[in-house]
Amino acid sequence: MHDLGYFREHLDEFVQMAANRGVNIDFEGFRSLDQERRERITAVERLKAERNKASEEIARRKKAGEDASALLAEMKRVSEEIKIAGERAEALDASLRDFMLTVPNRPHSSVPVGHDASANVEVRRWGSPPKFDFKPRPHWEIAEGAGILDFQRATKIASTRFALYRGLGARMERGLASFFLDTHAAHGYTEILPPFIVNTAALTGVGQLPKFAADMFHLEGTDLWLTPTSEVELTSMYRDETLDADLLPIKVCAWTACFRSEAGAAGKDTRGLKRQHQFQKVELFKFTRPEQSYEEQESLVADAERVLQKLGLHYRVVLLCTGDMGFASSKTYDIEVWLPSAHEFMEISSCSNTEAFQARRSGIRFKPKGGKSEFVHTLNGSGLAVGRTWLAIVENCQQADGSVTIPEALRPYVGTDRIPAKP
RNA sequence: GGAGAGGUGUCUGAGUGGUCGAAAGAGCCCGCCUCGAAAGCGGGUAGCCUGGCAAAACCGGGCUCGUGGGUUCGACUCCCACCCUCUCCGCCA
């Protein structure tokens, strides 16, 4: 969310933002709503000031034993007026708040302008694609052949877009999560294990609600939802708190399952692990001072890259353009890993600086010594999506006979150097 | 699930219808003192909305004592509902 005063005074900047992001925002509606709201508020407040003054006078007269009945009658009438005018003002205020919650964040000046992914800018590449003297197969073929992945039985248990891992497949999924967490902990991130279920306030605080309710699973008859990303939990753990400035930046990481309804994704990535209703993810998260957030974003991306490098997987880093960024983000880098079967890169991490956008929604402040409290900046990034890393390993490390060589760094976590071609 | 207690500022914690945005203490900040620090002494220290104004500083007004309603000229204080926390009992991985 944006600061209302700033938004009002710099509307032209937000008109530009909407054009750059390719979204429609009703600025005319805002102008009239904002103006009427303010007029109503001042009218109500004038009445309240009158009442407060009279109340003091009534108290004084009663103490002095004087008569106050005329004032009392007058104030009864004023109070009724306040009630009626107040209701209208509150309705306008609620509408304005609802509107403000749907305005996306402003992209940072370093973000390229563009409508879709074609305007994204590749920042760097690491490693090189593996060479095969045979035609590399997609991960679902290798994995189902090796008996480490079973989609059909997962469908019996739940529905399509769920996976069941078996044997070394399950162990590699678990091992990857541990490997990620251990690596990040060694670089200053405190491991958190949060609830996987979150409430409406938490989702509103990160910008997931009110706009993206359809992308999530809602628990019927409750205020609770299955978490779509632990970014929600990690942000909300400090919701409505003022943090000690000396503790910043705060660096945390978490492994959780993530749940997405994938509404609107029908027909997309229907085969394999790429797009599931449930997947595991290790998230990196930072609470920083405003002036250090962009520097911290670069190091957060590097922290996510580190685990791919240790696994020896070829990847590139892409700076997303204005039209391809998420709702809450000011600047986002995606990390994309190489997939030999499709001969293309696949998103495996998304690292965003939301500046104060989420902090303002979530009420997360810090207080500098002797200064006024300010909103922190929040940064989030996958480090990494576990299921997608799993499939990248299966594809990049596959052998001609259908077996998979486990990357060296991961071997202690899987307990073997190779997944055999057959169970 | 049942019974009881309670939710007040950065924190602890007082306040039971009228100068209460809120005592006291702690923390933090600024002075004095000191070679410097500690101690001591003095002062300061919430957020949001709104108007003066285009903005900063500043000044005025309004709101905020878990949330939402109600009673009242007036609510931290009384009433109702809900949420949350703690203790005990029950159940349970």
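Source: prediction; values computed, not measured. Residue numbers begin at 1 in each chain, while the letters A, B, ... track the order of the sequences.
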Participant: Would you kindly give the CG-to-P distance between A/Leu11 and B/A54, to the nearest whole Å?
Facilitator: 15 Å
Participant: Measure from the side-chain N and O atoms of A/Asn105 to the backbone N and O of A/Ala328, and report whether any donor-acceptor pair falls under 3.5 Å.
Facilitator: yes
Participant: With A/Ser299, which of A/Gln292, A/His187, A/Lys286 fulfils side chain to side chain donor-acceptor pair (under 3.5 Å)?
Facilitator: A/Lys286
Participant: Can you tell me how far C1' of B/U71 sits from CD of A/Glu80, to the nearest Å?
Facilitator: 13 Å
Participant: A/Arg60 has an atom CZ; how far is it from atom C1' of B/G18, in whole Å?
Facilitator: 13 Å
Participant: Taking the side chain of A/Arg51 as heavy atoms from C-beta outward, which of B/G74, B/U50, B/G62 is closest to it?
Facilitator: B/G74
Participant: For atom C1', what is the distance between B/G13 and B/A26, given to the nearest Å?
Facilitator: 10 Å
Participant: Using a cut-off of 6.0 Å, state whether more than 12 heavy atoms not belonging to A/Asp12 lie near its atom CG.
Facilitator: yes
Participant: Nearest to the side chain of A/Ile58 - B/G47, B/G18, B/G51?
Facilitator: B/G18
Participant: Do A/Thr229 and A/Glu283 touch side chain to side chain, with heavy atoms closer than 4.5 Å?
Facilitator: yes
Participant: OP1 or OP2 of B/G18 sitting under 4.0 Å from any side-chain N/O of A/Arg61?
Facilitator: no
Participant: Here's a test of your reading of the structure: between A/Ile41 and A/Leu71, which maps to the more 5' nucleotide of RNA chain B?
Facilitator: A/Ile41
Participant: Any donor-acceptor pair under 3.5 Å linking the side-chain atoms of A/Ser403 with those of A/Lys422?
Facilitator: no
Participant: With a 3.5 angstrom cut-off on both distances, give the Watson-Crick or G-U wobble partner of B/C86, or none if there isn't one.
Facilitator: B/G4
Participant: What's the CD-C1' distance between A/Glu57 and B/U19, to the nearest Å?
Facilitator: 13 Å
Participant: For B/G51, does OP1 or OP2 lie under 4.0 Å from any side-chain N or O of A/Arg40?
Facilitator: no
Participant: Whole Å only: how far is the CD atom of A/Glu241 from the P atom of B/G9?
Facilitator: 13 Å
Participant: In this structure, how many angstroms lie between the P atom of B/U10 and the CG atom of A/Leu247, rounded?
Facilitator: 16 Å
Participant: Give the nucleotide from the list B/C73, B/C49, B/G70 with an atom nearest to the side chain of A/Lys83.
Facilitator: B/G70
Participant: Please determine whether a side-chain nitrogen or oxygen atom of A/Arg365 lies at a distance below 4.0 Å from atom OP1 or OP2 of B/G47.
Facilitator: no
Participant: Please state the P separation for the pair B/U87 and B/C80 - nearest whole angstrom.
Facilitator: 27 Å
Participant: Check every atom of B/C73, B/A55, B/G62 against the side chain of A/Glu9 and return the nucleotide holding the closest atom.
Facilitator: B/A55
Participant: Heavy-atom count check: over 12 atoms from other residues, nucleotides or ligands less than 6.0 Å from A/Arg153 CZ?
Facilitator: no
Participant: Now, which nucleotide makes the Watson-Crick or G-U wobble pair with B/G51, with each of the two distances under 3.5 Å?
Facilitator: B/C59
Participant: OP1 or OP2 of B/G62 sitting under 4.0 Å from any side-chain N/O of A/Lys48?
Facilitator: no
Participant: Strictly below 4.0 Å, N to O, side chains only: are A/Arg40 and A/Glu90 in salt-bridge contact?
Facilitator: no
Participant: Between B/C73, B/G61, B/G47, which one does the side chain of A/Ser55 approach most closely?
Facilitator: B/C73
Participant: For the side chain of A/Asp3, starting at C-beta, report the closest nucleotide among B/U50, B/C49, B/G18.
Facilitator: B/C49
Participant: Checking A/Arg174 against A/Tyr413: charged group under 6.0 Å from the ring centre and within 45 degrees of the axis?
Facilitator: no
Participant: Among the nucleotides B/C48, B/G69, B/G18, which one has an atom lying closest to any side-chain atom of A/Glu90?
Facilitator: B/G69
Participant: Is the shortest side-chain N/O distance from A/Asn52 to OP1 or OP2 of B/G61 below 4.0 Å?
Facilitator: no
Participant: Suppose you measure atom C1' in B/U16 against the same atom in B/G6; what distance do you get, rounded to whole Å?
Facilitator: 16 Å
Participant: Could you please name the option among B/G51, B/G74, B/C49 that lies closest to any side-chain atom of A/Leu4?
Facilitator: B/C49
Participant: Could you state the atom-to-atom distance from OH of A/Tyr6 to P of B/A56 in whole Å?
Facilitator: 12 Å
Participant: Considering only the C1' atoms, how many Å lie between B/G17 and B/U71, rounded to the nearest integer?
Facilitator: 12 Å
Participant: Rounded to whole angstroms, how far apart are CZ on A/Arg8 and P on B/G51?
Facilitator: 6 Å
Participant: Which whole number of Å gives the distance between the P atom of B/A24 and that of B/A46?
Facilitator: 15 Å
Participant: Find the partner of B/A38: check Watson-Crick (N1-N3 plus N6-O4 or O6-N4) and G-U wobble (N1-O2, O6-N3) distances, both under 3.5 Å, and reply none if neither fits.
Facilitator: none
Participant: Do A/Glu56 and B/G18 share a donor-acceptor pair, side chain to base, under 3.5 Å?
Facilitator: no
Participant: For A/Asn199 and B/C83, is the shortest distance between a side-chain N/O and OP1 or OP2 below 4.0 Å?
Facilitator: no
Participant: At under 4.0 Å, does any side-chain N or O of A/Ser79 touch on OP1 or OP2 of B/G74?
Facilitator: yes
Participant: Considering only the C1' atoms, how many Å lie between B/U64 and B/A55, rounded to the nearest integer?
Facilitator: 27 Å
